[in-house]
There are 2 protein chains.
Amino acid sequence: MRHHRQDVVARALVVLDDYGLADLTMRRLGTELGVQPSALYHHFANKQALLAAVADEILSRGARPLPDAGWEEQARASCHALRDACLAWRDGAEVVATARAFGLGGRAPYDELVGVLTGGDVDGELAATVARTLLHYVLGHAMDEQLQRQAGSAGALHAGAANPLAHDHTADVTTGVDLVLTGLRARVAGTSSTP
Amino acid sequence: MRHHRQDVVARALVVLDDYGLADLTMRRLGTELGVQPSALYHHFANKQALLAAVADEILSRGARPLPDAGWEEQARASCHALRDACLAWRDGAEVVATARAFGLGGRAPYDELVGVLTGGDVDGELAATVARTLLHYVLGHAMDEQLQRQAGSAGALHAGAANPLAHDHTADVTTGVDLVLTGLRARVAGTSSTP
DNA sequence: ACCTGAACACCGTTCAAGT
DNA sequence: ACCTGAACACCGTTCAAGT
């Protein structure tokens, strides 16, 4: 039962979806592949590198071509594609956000967004800030969403105290993204009032 | 050496700042307090509950009164206070963001922001979305900042490949927050073009 | 009320050695 | 190139029992 790097990533994705990130251990993944845990270190330097590869796989599997439209519409589409890609796998948002945070993977959405924004009228430095703002929002929101999902399925999390996160998530994300883009539009048009 | 709940939280904060979140283990904290790890379970149901208390402690120690100003200025101040509170402790942002994500603590900044926004002209549902957008951005950005800090001190993280996160963080956060607030101002004024 | 001691069921990672 | 076997140095958590 010899495996390639890609087999390991693909199986890790299945384990992630079935058991969640907390139970995606090197030992369990090894067992799932019919292999000793130590064998995984032939393919990846450590668990963090494995997870970065999983993050990139999540993103590439969920990749969509940008619509043939203005940059604002493209930015919106890019954000929604990222969200959908993450939500397609259990704990997908957390995996992508963590890999991004450690600078080990998940760069594609950032690059795409910066490209879209600079393709518009947006200055390079502002584009970088806006891209980060959007990514933090979309990923943070998707994480909230997925955590609630598992909090609902398990009886976990503190009972009592009304959950302030109960919401229509799709509408919420659209509003949040539009808010940032509206702010950007105002700023690009020179409407900014605070110097 | 008998301790109260507050002693444990205070010491956990010291361990966090000295060793980082990854090394804030129940065993190490026990050792630091001169106590068996099992003794901590008299004060907290589990590690997650401990970390939630640590998050709340970080926030309450960094709390500032809101300025006597308009709601927009207050929202800005609230965001910066949150950022400063988190940056005052090693891995502080991650601790707060995680507690928030699990719904176990760190609610104060959200409540404050929603209060400020609804105190302005902002409708309740929009206020909730804006508050979440701002929190995700500020915490996400602070996490990036702190991860870079430790990536710089340790020789960790992949060499080669220019780091796209090298930035002036204070200016960046101000820009990001202002962007969202500008978008909100436009929307409240009825300038939104997408229905 | 607060803590000990011992155990249970796990982790990630390394490394010599095998094929 | 890919894997085994065994070890190392850890984890969080439980629980009877002590003071």
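Chain letters run A, B, ... following the sequence lines, proteins first and then strands; every chain starts at 1.
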Taking all heavy atoms of B:Leu139 and all of B:Cys86, pick out the closest pair and write down the distance. CD2-SG, 3.8 Å
Salt bridge present between [X] and [Y] (N-O < 4.0 angstrom):
X	Y	answer
A:Asp144	B:Arg132	no
A:Glu32	A:Arg28	no
B:Asp56	B:Arg107	no

Before you tell me yes or no, could you show the steps for A:Arg2 and A:Asp7 under salt bridge (charged side-chain N to carboxylate O under 4.0 Å, His left out), namely the whole-Å CA-CA distance, both residues' side-chain angles and the distance that decides it to 0.1 Å? CA-CA 9 Å; A:Arg2 303 190 123 205; A:Asp7 305 331; over 6 Å; no
Look at the side-chain N and O atoms of [X] and state whether any lies under 4.0 Å from the OP1 or OP2 oxygen of [N].
X	N	result
A:His42	D:dA1	no
A:His4	D:dC2	yes
A:His43	D:dA1	no
A:His3	D:dC2	no

Using 0.5 Å steps for rounding, measure from the [atom1] atom of [X] to the [atom2] atom of [Y].
X	Y	atom1	atom2	result
B:Leu87	B:Met143	CG	CE	12.0 Å
B:Leu135	A:Tyr137	CG	OH	11.0 Å
B:Tyr41	B:Leu50	OH	CG	8.5 Å

In whole angstroms, how far is the P atom of D:dC3 from the CG atom of A:Leu33?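 Distance, rounded to whole Å: 8 Å.
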Roughly how many Å is it from CD in A:Gln36 to P in D:dA6, rounded to a whole number? 9 Å
Could you go over nucleotides 16-19 of chain D and give all protein N or O partners under 3.5 Å, atom names and distances?
none

Should A:Asp18 and A:Arg90 be marked as a salt bridge (charged side-chain N to carboxylate O under 4.0 Å, His left out) after you check the CA-CA gap, both sets of side-chain angles, and the distance that decides it? CA-CA 8 Å; A:Asp18 288 348; A:Arg90 205 221 281 207; over 6 Å; no
Pick the P atom in C:dA17 and in D:dC2, then give their distance to the nearest Å.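 Per the computed distance, 22 Å lies between those P atoms.
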Which whole number of Å gives the distance between the P atom of D:dA9 and that of C:dA9?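 To the nearest whole Å, 23 Å.
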Under 30°, 30 to 60°, or over 60°: which ring-plane class applies to A:His136 and B:His141, parallel, tilted or perpendicular? perpendicular
Just by protein heavy atoms under 4.0 Å, how would nucleotides 9-15 of chain D read 5' to 3' in B, S and -? --BBBBB
My understanding is that only one of A:Asp178, A:Thr174, A:Asp172, A:Leu179 makes a side-chain contact (heavy atoms from CB on, under 4.5 Å) with B:Thr129; could you say which?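 Among A:Asp178, A:Thr174, A:Asp172, A:Leu179, the one meeting side-chain contact (heavy atoms from CB on, under 4.5 Å) with B:Thr129 is A:Asp172.
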Intra- and interstrand pairs of DNA chain C - dot-bracket, Watson-Crick/G-U under 3.5 Å, | marks other strand: ||.|||||...|||||.||
